[in-house]
Amino acid sequence: MRDRITALKKNHGKKVVDTVTICNVINGLRGVKALTCDTSRADPIKGIHFRDLTLKECLKRLPNHIGTTISAPEGMFWFLLTGEIPTCEQ
């Protein structure tokens with residue numbers, strides 16, 4: 001993903017993406033194309049992906065709270081920060 005962002009900056013870095021009004025700023029930039037994210041993306045068919053894994057894949061791979069089948073939110077946070085699936089100890 002970062003390679004794609006680097007190429008995008010190199011090839012299209014000076015292109016205008018959107019305009020911003022005072023109302024946009026006051027309303028939290030709703031509807032304004034302003035940011036990119038290299039940790040997640042939304043696919044219209046498969047849904048949201050976190051670091052190229054679907055939500056379902058993340059829930060299967062991330063460690064669960066001890067004694068449950070529920071993934072610990074701390075595991076997702078670790079995954080988003082590091083790009084690595086944490087162990088239960090981590």
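Just the heavy atoms: all of them, side chains too, but no hydrogens, waters or symmetry mates, feed the values below.
Counting only distance, with no hydrogens or angles, the side chain of Asn27 and the backbone of Leu29 share no donor-acceptor pair below 3.5 Å. Side chain of Asp18 to main chain of Lys33: a donor-acceptor pair is present (N/O by atom type, distance under 3.5 Å, no hydrogens or angles). Checked by atom type and distance alone, the side chain of Arg51 pairs as donor or acceptor with a backbone atom of Leu80 at under 3.5 Å.
Atom CG of Asp3 and atom CG of Leu8 lie 12.5 Å apart (nearest 0.5 Å). Taken to the nearest 0.5 Å, the OG1 atom of Thr69 stands 6.5 Å off from the CG atom of Asn64. For the atom pair OG1 (Thr82) and CZ (Phe77), the distance works out to 10.0 Å, reported to the nearest 0.5 Å. The line from CG of Leu62 to CD of Glu74 is 11.0 Å long, rounded to the nearest 0.5 Å.
Shown here is Ile22, whose CD1 atom has no more than 12 heavy atoms of other residues, nucleotides or ligands within 6.0 Å.
Nearest heavy atom pair, residue Ala72 against residue His65, reads CA-NE2, 3.6 Å. When every heavy atom of Arg61 is checked against every heavy atom of Ile85, the shortest pair comes out as O-CG2, 3.4 Å. When all heavy atoms are compared, the tightest approach of Phe79 to Phe50 is CE2-O, 3.5 Å.
Note on Leu59: it clusters hydrophobically with Met76, by side-chain heavy-atom contacts below 4.5 Å among ILVMFWY residues. A continuous path of ILVMFWY side-chain contacts below 4.5 Å connects Leu55 to Leu53, so both sit in one hydrophobic cluster.
Taking 4.5 Å as the limit, every side-chain heavy atom of Ser71 sits out of range of all side-chain heavy atoms of Pro63.
A side-chain donor from one of Thr21 and Asn24 sits under 3.5 Å from a side-chain acceptor of the other.
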Verdict with supporting geometry, Lys46 and His49, side-chain contact (heavy atoms from CB on, under 4.5 Å): CA-CA 8 Å; Lys46 295 180 181 178; His49 287 69; 3.6 Å; yes
